Every structure is written in C-alpha cells, then in structure tokens.
Q: 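Encoded as structure tokens, here's the structure I'll be asking about.
Because the structure is a prediction, the values reported are computed rather than measured.
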Amino acid sequence: TFVLAGPKASASPRELLDSAISNLRERMAVVGVSERLDETLLVCRAMFGWRGLIYRRVNVTTRRPRLDAIVPETLATIERANSLDRSLYRFACERLDRLMRENHISDSEVIALRRASRVYSTARRVLGLPRELWQEAQKARARRRWPYVDAGYSSRRSLPNCEGSR
C-alpha cells in the first residue's frame with residue numbers, strides 16, 4: 001500500500017489506501033495478483049498482444065504453515081498490521097475480475113494455460129526442454145488437429161489417450 005500510494009509520509013492510513021487505489025485505477029493498465037498468475041497473464045495477452053504464454057513455477061514456498069496451525073492471536077495481529085494491504089488486495093482482485101470480463105477471458109482459457117504450464121514445467125524439469133522447443137511442439141500439435149475431424153471423431157474428447165478424455 002505504501003509503495004503504490006506514492007510519497008505521502010504524513011498521510012493517514014485511509015488516505016494512503018485511497019491514493020494507492022487511485023494510482024492503480026489511473027496509472028496502471030493491468031493489476032496483477034500473484035495467486036492468480038494465470039488470469040493476470042491472460043489479461044496481459046489480451047491487452048498487450050503477448051504471444052507464447054507459458055511459464056514454469058520457480059521459487060515456490062513449500063514450508064508455509066497452514067493457517068489453522070497459527071495461534072489465533074498471532075493471526076489477528078497479522079491481520080490488523082496488514083489491513084490496508086488486505087483492502088488493496090481486494091480491490092486488485094475485483095479489478096482483475098473486471099478486466100477478465102472485459103476481455104472475454106473464460107475459465108477454460110485459465111485452465112488450459114495452467115495445464116500447459118504444468119506440462120511444460122514437468123518436461124523442462126525432466127528433459128531440460130527449452131521453451132522455444134516446447135512452443136514449436138505446441139504449434140505442431142495445433143497443426144495436426146484437423147485430421148481428427150476427417151477421421152470421424154466428433155470431438156477431441158472422443159479420442160483415445162487424449163488429455164480431455166480424463
């Protein structure tokens with residue numbers, strides 16, 4: 001909140017929050033949320049013409065304690081100390097939701113990016129597959145889809161061993 005509000009050292013907490021929200025509204029084309037990376041990337045693709053979206057997860061926390069394992073008094077202290085950030089986060093999520101609707105981004109697109117990125121991450125980890133090679137493989141796969149229509153399959157789901165057949 002303090003970073004997005006700008007240099008307003010003497011401002012009240014509410015003024016800082018209002019300033020941060022105003023800056024997001026007026027100066028930022030996209031508001032991204034790290035827990036919603038897939039949606040954020042798809043909005044960026046729609047707004048900025050990005051191509052070849054795919055990512056791999058790195059530097060992911062694996063030892064974060066579960067919320068129910070944290071003492072309730074500690075959680076309350078954390079929530080009080082971060083109330084401005086929580087309000088700003090809610091605003092950012094609402095704005096991302098609006099951008100998703102405005103750009104007609106569906107849940108199926110989010111799921112498809114998430115799946116493709118998981119497969120890419122696994123292939124990269126196991127095979128050391130470079131991103132460019134992965135993208136070429138995806139393009140080749142897309143070019144091969146047309147024969148299925150001529151072969152009498154009504155949809156990809158009816159194909160044996162197809163990712164949509166699970």
Q: Before you tell me yes or no, could you show the steps for Arg101 and Asp97 under salt bridge (charged side-chain N to carboxylate O under 4.0 Å, His left out), namely the whole-Å CA-CA distance, both residues' side-chain angles and the distance that decides it to 0.1 Å?
A: CA-CA 6 Å; Arg101 285 190 304 275; Asp97 289 338; 5.3 Å; no
Q: If you count heavy atoms of other groups shown closer than 6.0 angstrom to CZ of Arg98, is the number above 12?
A: yes
Q: Would Leu84 and Met28 show up in the same hydrophobic cluster when neighbours are defined by side-chain heavy atoms closer than 4.5 Å?
A: yes
Q: How far apart are the closest heavy atoms of Leu113 and Leu53, and which atoms are they?
A: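 What the structure gives for the nearest pair is CD1-O, 3.7 Å.
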Q: Calculate, to the nearest 0.5 Å, the distance between atoms CD1 and CZ belonging to Ile78 and Arg80 respectively.
A: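 Output value for this atom pair is 10.0 Å.
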Q: Roughly how far apart are Arg14 CZ and Ser83 OG, rounded to 0.5 Å?
A: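 Rounded to the nearest 0.5 Å, the CZ-OG separation comes out at 10.0 Å.
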Q: Given side chains that start at C-beta, do those of Ile105 and Glu39 come closer than 4.5 Å, heavy atoms only?
A: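 The answer is no; the side chains never approach within 4.5 Å.
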Q: First locate atom CZ of Arg114, then atom CG of Leu42, and finally report the distance between them rounded to the nearest 0.5 Å.
A: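 Between Arg114 CZ and Leu42 CG, I get 9.5 Å after rounding to 0.5 Å.
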Q: Starting at OG1 of Thr40, measure out to CE of Met100 and round the result to the nearest 0.5 Å.
A: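 Separation between the atoms: 8.5 Å.
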Q: Does the side chain of Arg51 come within less than 4.5 Å of Arg45's, by heavy atoms?
A: no
Q: Looking at CG of Leu67 and CZ of Arg64, how far apart are the two atoms once the value is rounded to the nearest 0.5 Å?
A: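 Here the rounded value is 9.0 Å.
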Q: Taking all heavy atoms of Leu88 and all of Leu4, pick out the closest pair and write down the distance.
A: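 So the two residues come closest at CD2-CD1, 3.6 Å.
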Q: Same cluster or not: Trp50 versus Leu37, using hydrophobic residues (I, L, V, M, F, W, Y) connected whenever any side-chain heavy atoms lie under 4.5 Å apart?
A: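 Shared cluster, yes.
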Q: Are Val33 and Met47 connected, step by step, through hydrophobic side chains (Ile, Leu, Val, Met, Phe, Trp, Tyr) whose heavy atoms are closer than 4.5 Å?
A: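 Yes: a chain of side-chain contacts under 4.5 Å links Val33 to Met47.
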Q: On a heavy-atom basis, which atom in Val31 and which in Ala92 lie closest, and how many Å separate them?
A: CG1-CB, 3.3 Å
Q: Taking atom types as modelled, is there a side-chain donor on Arg90 or Ser87 under 3.5 Å from an acceptor on the other?
A: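 Yes, Ser87 and Arg90 have a side-chain donor paired with an acceptor closer than 3.5 Å.
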Q: Do Phe48 and Val43 have side-chain heavy atoms sitting under 4.5 Å apart?
A: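 No - every pair of side-chain heavy atoms lies 4.5 Å or more apart.
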Q: Kindly indicate whether the side chain of Arg56, heavy atoms from C-beta on, has any atom under 4.5 Å from the side chain of Ser117.
A: no
Q: Heavy atoms only: give me the nearest Arg95-Leu24 pair and the separation to one decimal.
A: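 For Arg95 versus Leu24, the nearest heavy atoms are NH1-O, 2.5 Å.
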Q: Within the 4.5 Å heavy-atom criterion, are Leu17 and Phe91 side-chain neighbours or not?
A: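 Leu17 does not reach Phe91 side chain to side chain.
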Q: Distance-only, no hydrogens or angles: does the Glu26 side chain make a donor-acceptor pair with backbone N or O of Asn23 under 3.5 Å?
A: no
Q: Can you measure from OH (Tyr89) to OG (Ser34) and round to the nearest 0.5 angstrom?
A: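 It is 7.0 Å, given to the nearest 0.5 Å.
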Q: Can you name the closest pair of heavy atoms from Ala5 and Leu16 and give their distance?
A: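 Smallest interatomic distance, heavy atoms only, reads CB-O, 3.4 Å.
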Q: Show your reasoning for whether side-chain contact (heavy atoms from CB on, under 4.5 Å) applies to Glu15 and Asp18.
A: CA-CA 5 Å; Glu15 290 171 328; Asp18 291 343; 5.6 Å; no
Q: Looking only at heavy atoms, which two atoms of Tyr55 and Tyr120 are closest? And how far apart?
A: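 So the two residues come closest at O-CD2, 3.6 Å.
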